[in-house]
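A short worksheet on the structure shown next.
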Amino acid sequence: MGRSRYVITEPDLPHFLTCTVVDWLPLFSRPALVDILLTCWRYQQQHQGLRLYGYAVMENHLHYLAQAGDLPRCVASFKSFTARRIVEHLHSIGAAQALDRLRAGKKTHKHDRDFQFWQEGSHAELVCSEAVMRQKLDYIHHNPVRRGYVERPKHWRYSSARNYAGAPGLLEIADWS
């Protein structure tokens, strides 16, 4: 089988990553679920050497630019931790319909879980230059604008566009320049 071009090829260099909820379910319209993502990233920044250069959380997927000593491990632990916590939260609020959809999305060969929150893979792309970093940041930050949610990137609460506009953001963003 051929290698996918969406693999973390240089684990210690920045990568553009995309994580998508199974069946594109719009679960990140719930602020409590976004808080789980943000909390996990903060933990990884403090304890796992994650350098976050940019991000945007949309209603059913997220994009981020990140680097770590072992980025594949960081991505795997992010997806595993957030999936568990989100499923726990959905149970606690009685979100049966969402849980049914996540249960149906589980691959039959996965015997270690009852639910599948994230689609497999993270669509990783190496960021090999400053120009590519700028292009990916622009793409991430303009995602909510393209979707018609806001007029300007800095108006999207769950994005690092605020940091780049000089306003306080929800997460610390590493300087890539």
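- For the atom pair F78 CZ and L50 CG, the distance stands at 9.5 Å (nearest 0.5 Å).
- Applying the ring-ring contact (aromatic ring centres under 6.0 Å, His included) test between H63 and each of F16, Y158, W156, Y55 identifies F16 as the sole match.
- No donor-acceptor pair closer than 3.5 Å links the side chain of S160 to the backbone N or O of N163.
- Residues L25 and A98 come closest through the heavy atom pair CD1-O, 4.4 Å.
- The minimum heavy-atom distance linking F28 with M58 is given by the pair CB-O, 3.2 Å.
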- request: Decide yes or no on side chain to side chain contact (heavy atoms under 4.5 Å, CB included) for L17 and I8, but give the supporting numbers first.
  value: CA-CA 9 Å; L17 302 140; I8 296 174; 4.2 Å; yes
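- Contact record, E172 with Q45: O-NE2, 2.7 Å, taken as the closest heavy-atom pair.
- With hydrogens and angles disregarded, no donor-acceptor distance shorter than 3.5 Å links the side chain of S80 to the backbone of S77.
- For the atom pair CG of L37 and CG of L62, the computed distance is 6.0 Å after rounding to the nearest 0.5 Å.
- Checked by atom type and distance alone, the side chain of K79 pairs as donor or acceptor with a backbone atom of G121 at under 3.5 Å.
- When side chains are defined from C-beta on, W41 counts as touching V57, because their heavy atoms get closer than 4.5 Å.
- For R146 and Y139, the positive end sits near the middle of the six-membered ring, less than 6.0 Å away and at most 45° from its axis.
- Between the side chain of H47 and the main chain of Y43, no donor-acceptor pair closer than 3.5 Å is present.
- Note that CZ of F117 is 11.5 Å distant from CG of D23, once rounded to the nearest 0.5 Å.
- Annotation: the span from Q135 atom CD to E130 atom CD amounts to 13.5 Å, rounded to 0.5 Å.
- In R84, the CZ atom is crowded: over 12 heavy atoms of neighbouring residues, nucleotides or ligands sit closer than 6.0 Å.
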query: Should I93 and R30 be marked as a side chain to side chain contact (heavy atoms under 4.5 Å, CB included) after you check the CA-CA gap, both sets of side-chain angles, and the distance that decides it?
result: CA-CA 12 Å; I93 63 169; R30 301 169 189 243; 3.0 Å; yes
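- Annotation: the span from L170 atom CG to T39 atom OG1 amounts to 10.5 Å, rounded to 0.5 Å.
- Here the closest non-hydrogen pair linking V21 and W118 is N-CE3, 4.1 Å.
- Taking the side chain as every heavy atom from C-beta outward, H155 and Y149 never approach each other to under 4.5 Å.
- Legend: residues meeting ring-ring contact (aromatic ring centres under 6.0 Å, His included) with F81, ordered by chain and number and at least two apart, are absent.
- Contact annotation: the side chain of L90 approaches that of L33 to within less than 4.5 Å [non-hydrogen atoms, C-beta and beyond].
- Annotation for A124 and H15: closest pair CB-CD2, 4.2 Å, computed over non-hydrogen atoms.
- Scanning all heavy atoms of the two residues, the minimum distance from A174 to Y164 falls at O-OH, 4.2 Å.
- In this structure, the side chains of Y64 and C19 come closer than 4.5 Å at one or more pairs of heavy atoms.
- Contact annotation: the side chain of Y53 approaches that of P14 to within less than 4.5 Å [non-hydrogen atoms, C-beta and beyond].
- Contact check for L137 versus W176: side-chain heavy atoms found under the 4.5 Å cut-off.
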message: Walk me through whether N143 and H61 qualify under side chain to side chain contact (heavy atoms under 4.5 Å, CB included).
response: CA-CA 11 Å; N143 205 343; H61 69 285; 3.4 Å; yes
query: Between L13 and V127, does a side chain to side chain contact (heavy atoms under 4.5 Å, CB included) hold up when you go through it step by step?
result: CA-CA 7 Å; L13 295 177; V127 176; over 6 Å; no
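- Rounded to the nearest 0.5 Å, atoms CD1 (I86) and CG (L102) are 9.0 Å apart.
- Within 6.0 Å of the CD atom in E88, the count of heavy atoms belonging to other residues, nucleotides or ligands exceeds 12.
- Under the 4.5 Å side-chain criterion, counting only non-hydrogen atoms from C-beta, V22 is not in contact with R101.
- Remark: R42 CZ is packed, more than 12 non-hydrogen atoms of other residues, nucleotides or ligands lying under 6.0 Å away.
- Within the 3.5 Å criterion, the main-chain N or O of L126 finds no donor-acceptor partner in the side chain of E10.
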